[in-house]
A.B. asks: 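Have a look at the structure that comes next, please.
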Amino acid sequence: MAAPSLPITSLPPHHRVSLSPATSSITVNNGRYFSNHPTILLANQCSNSKQLKQIHAQMLRNGLFSDPFSASILVSAFAFSPLQDVDYAHKLFDQIPKPNIYTWNALIRAYSSSQVPIQSLSIFTQMLYRSDEVLPNKFTYPFVIKAASELLDMRLGEVLLGMAIKMSLGSDVFILNSLIHFYSSCKCLNSAYRVFLNIPTKDVVSWNSMITGFAQGDRPDEALKLFHEMQGESFRPDKVTMMSALTACTKKLDLTTGRWVHSNIKRYGIKESLNLNNALLDMYTKCGSLEDAQNLFDKMPEKDIVSWTTMVVGYAKSGDYITARKHFNTMPNQDIAAWNALISSYEQSGNPKQALAIFNELQVSNKAKPDSVTMVSTLSACAQMGAMDMGGWIHVYIKKHGFNLTCHLTTSLIDMYSKCGDLNKALEVFNSVDRDKRGVFVWSAMVAGFAMHGCGRDAIELFKKMEENNVKPNSVTFTNLLCACSHSGLVSEGRDFFKKMENVYGVVPGVKHYACMVDMLGRAGHLDEAMELINSMPMPPLASVYGALLGACKLHGNVEIAEEASSRLIELEPWNHGAYVLLSNIYAKFGKWEKVAMLRKRMKDIGLKKEHGCSSIEIDNRLHEFIVGDNSHPQSEIIYEKLNEIFEKLKLIGYEANRSQVLQCVEEEDMQEHALHLHSEKLAIAFGLISLKNSQPIRVMKNLRVCKDCHNVAKMISKVYDKEILLRDRYRFHHFKDGDCSCKDYW
DNA sequence: ATCAGCAGCC
């Protein structure tokens with residue numbers, strides 16, 4: 001739509017020729033500048049930047065622009081008004097021969113909170129070059145320090161501080177407050193706190209900045225402690241204080257303290273505002289009290305899209321999808337963020353199917369334009385489900401709509417293709433990224449891809465290439481790398497990387513890395529070494545560590561360590577049915593039936609059920625799911641016929657059911673073989689054999705680890721039917737071909 | 001004139 005023109009020609013003619021700017025008086029009000037000069041007055045009535053540009057034209061014509069004072073007002077108008085156009089302000093600025101300090105600061109400030117904070121510094125540098133004209137003042141520093149915070153440039157911030165000190169501005173409270181924010185952004189909370197302590201006369205912003213720093217820097221306890229202290233020193237908290245205190249409660253998931261902060265807001269008579277209410281909603285939903293959230297929400301005089309989205313996410317994450325949806329439907333207009341909230345809630349709570357359904361709905365309804373966040377969540381959902389066709393379609397969609405291949409998006413694509421079993425496609429995406437644009441996450445995602453496909457050597461090669469490209473590995477990279485060594489049984493390499501990660505690369509091993517090592521050592525039969533490693537851990541071992549140990553015990557049949565590991569595991573995670581199942585598997589292997597029965601009783605007593613196995617296969621864009629003994633599929637009859645045919649053929653080449661893992665599930669002898677035959681992955685493979693063309697591999701996804709018998713059967717099918725089978729289980733891929741598996745039976 | 005603050009992402 002064209003902007004309405006301003007009646008420039010109707011201005012009295014004398015404004016075009018003579019002017020006396022010195023007589024114009026200026027007042028400031030909320031960032032809008034008033035002058036008694038009619039042209040400047042007009043600048044304030046502009047409702048879009050085109051009109052403002054017309055004012056510029058007018059000022060050029062009447063000569064007003066050559067007055068630095070008036071020009072600076074125009075620069076400010078472009079820099080700050082709701083019609084902000086910083087680049088235009090910059091262009092104007094460049095045309096002012098000798099801008100005053102006020103104008104310099106205006107531009108530096110505008111850039112410091114723009115998309116390109118580095119520009120702020122470039123202007124600042126120019127300012128220093130022209131030190132004969134103008135010098136930075138106490139207003140300049142807070143802005144440039146803010147830019148340094150945005151850039152997370154530690155050195156720069158300290159240089160700026162040094163300059164401020166040289167100018168005797170070292171105790172300016174505004175500058176020091178900015179510095180607290182700066183150090184906090186750079187994750188140097190201790191330095192921030194030191195600055196805070198040394199401010200001689202703290203104001204409320206000093207307190208707020210420090211509380212915010214702690215709250216956002218994952219030190220919520222200290223934030224709340226400071227909140228108390230502040231009141232002890234009779235500082236009156238304001239609404240920003242309250243927002244940060246709420247952030248701290250949210251981080252801690254501490255509902256009690258959250259409620260207490262809420263009561264403080266009322267006690268101090270802090271005026272209710274939309275932002276504050278939104279922060280309260282966020283706290284209540286994240287701390288798990290949807291009742292409190294709903295109560296507040298119902299009473300809020302004003303709601304915006306953030307309020308609604310918070311409620312939608314709150315309900316969706318709590319598993320109450322019906323209420324989530326109800327809120328979503330009631331909100332006045334669903335922007336893409338709201339859609340994303342719904343999609344990612346589903347995706348992250350393990351409901352990828354629902355996530356895709358919502359994405360589909362978004363597509364059909366055409367109510368909002370998907371953005372890159374939508375793509376990331378949707379790809380994640382595809383990855384979880386192993387929905388390759390859908391994932392490929394999203395990839396095409398991304399290309400077609402010209403999405404920027406951000407680091408997030410690239411990793412999501414690599415992850416999706418890897419988890420859907422197409423390592424080549426994953427590599428294609430990886431290779432398509434410019435060498436110098438491959439961030440550490442992109443490299444790590446590719447290492448993970450190799451890891452899950454059992455290509456340990458390739459993972460290590462890639463890691464070396466990454467080093468050659470001067471990309472510094474992080475904690476994620478090492479988790480993936482160690483995982484790769486573990487899956488491929490590269491024990492000595494794994495040990496080596498584990499040693500080097502801290503010494504050479506400066507990455508301190510975390511629980512995840514220990515879990516990988518325990519898995520790797522245990523799997524390879526070094527149970528004692530694994531135990532030793534656990535005992536030497538500097539942090540308490542998490543469930544994943546004992547889980548890995550337990551898995552190894554099952555593989556190598558060690559009852560004593562298994563009992564120890566599982567009791568620790570159950571201590572940590574009483575609801576972990578995997579621990580019970582694994583232990584009872586081990587007991588069964590040694591014929592300790594009374595112990596099996598005891599375990600089963602205990603599971604029953606505390607209401608734990610074995611997670612049932614489920615396998616899925618995607619045929620022509622549709623996902624088909626099977627559970628054990630399933631006959632709900634429309635083609636069920638044909639599937640079972642095929643299954644019978646398979647077993648007849650396999651028996652001819654010497655197949656015999658391996659029952660070691662079902663003994664504890666089904667006691668009646670003759671039932672065992674039957675149940676084995678009906679494992680979900682076998683049903684899915686049989687269905688794949690019926691439905692797919694000869695050249696297409698069968699891709700099956702399973703939620704649990706594949707059992708030994710199914711593994712064996714899949715190998716044989718791949719030979720007898722000359723068919724490739726890709727089976728993804730809970731931990732990795734098995735690639736069956738010509739009677740062998742890519743895991744080389746090491747899993 | 002300045003500094004601090006709310007939803008969605010591997």
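If you're wondering where the values come from, they're calculated on a predicted model, not measured in any experiment. Throughout, protein chains are lettered first and strands after them, A, B, ... in sequence-line order, and every chain is numbered starting at 1.
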A.B. asks: Reckon Asp238(A) touches a base, only the sugar-phosphate, or nothing at all at heavy-atom distances under 4.0 Å?
C.D. replies: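 Base: the residue Asp238(A), judged by heavy atoms under 4.0 Å, touches a nucleobase.
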
A.B. asks: Is there a donor N/O on one and an acceptor N/O on the other, under 3.5 Å, for the side chain of Ser178(A) and the base of dC3(B)?
C.D. replies: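 It does not, because no donor-acceptor pair links the side chain of Ser178(A) to the base of dC3(B) below 3.5 Å.
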
A.B. asks: Using only heavy-atom distances, decide whether a donor-acceptor pair under 3.5 angstrom links the side-chain of Asn177(A) to the base of dA4(B).
C.D. replies: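 Counting by modelled atom types and ignoring angles, no donor-acceptor contact under 3.5 Å is found here.
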
A.B. asks: Please answer whether the main-chain N or O of Gly421(A) pairs with a side-chain N or O of Arg728(A) as donor and acceptor at a distance below 3.5 Å.
C.D. replies: no

A.B. asks: Given dC9(B), dT2(B), dA4(B), identify the nucleotide with an atom nearest to the side chain of Lys146(A).
C.D. replies: dA4(B)

A.B. asks: Would you classify His408(A) as touching base, sugar-phosphate or nothing, given that sugar-phosphate means primed atoms plus P, OP1 and OP2, and contacts are heavy atoms under 4.0 Å?
C.D. replies: base

A.B. asks: Answer yes or no on whether Arg109(A) is positioned over the face of Phe80(A), meaning its NZ or CZ is under 6.0 Å from the six-membered ring centre and within 45° of the axis.
C.D. replies: yes

A.B. asks: So Ala279(A), base contact, sugar-phosphate only, or nothing? Heavy-atom distance under 4.0 Å.
C.D. replies: nothing

A.B. asks: Identify which nucleotide among dT2(B), dA4(B), dG8(B) has an atom closest to any side-chain atom of His181(A), counting heavy atoms from C-beta outward.
C.D. replies: dA4(B)

A.B. asks: Between the side chains of Ser244(A) and Thr212(A), does any donor sit under 3.5 Å from an acceptor?
C.D. replies: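 Yes, a side-chain donor-acceptor pair sits under 3.5 Å.
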
A.B. asks: Determine the contact category for Phe143(A): base if any of its heavy atoms lies under 4.0 Å from a base atom, sugar-phosphate if only primed atoms, P, OP1 or OP2 are that close, otherwise nothing.
C.D. replies: sugar-phosphate

A.B. asks: Would you indicate which nucleotide in dC3(B), dC6(B), dC10(B) comes nearest to any side-chain atom of Asn278(A)?
C.D. replies: dC6(B)

A.B. asks: Between Phe174(A) and dC3(B), do the rings stack, that is, sit under 5.5 Å apart with planes less than 30° off each other?
C.D. replies: no

A.B. asks: How many whole angstroms separate atom CH2 of Trp339(A) from atom P of dC9(B)?
C.D. replies: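 Distance, rounded to whole Å: 17 Å.
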
A.B. asks: Can you tell me how far P of dC10(B) sits from CD1 of Ile343(A), to the nearest Å?
C.D. replies: 13 Å

A.B. asks: Any non-hydrogen side-chain atom of Asn277(A) less than 4.5 Å from a side-chain atom of Lys303(A)?
C.D. replies: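 Heavy-atom side-chain distance check fails, nothing below 4.5 Å.
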
A.B. asks: Select base, sugar-phosphate, or nothing to describe what Val205(A) touches, counting heavy atoms under 4.0 Å on all strands.
C.D. replies: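 Touches a base.
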
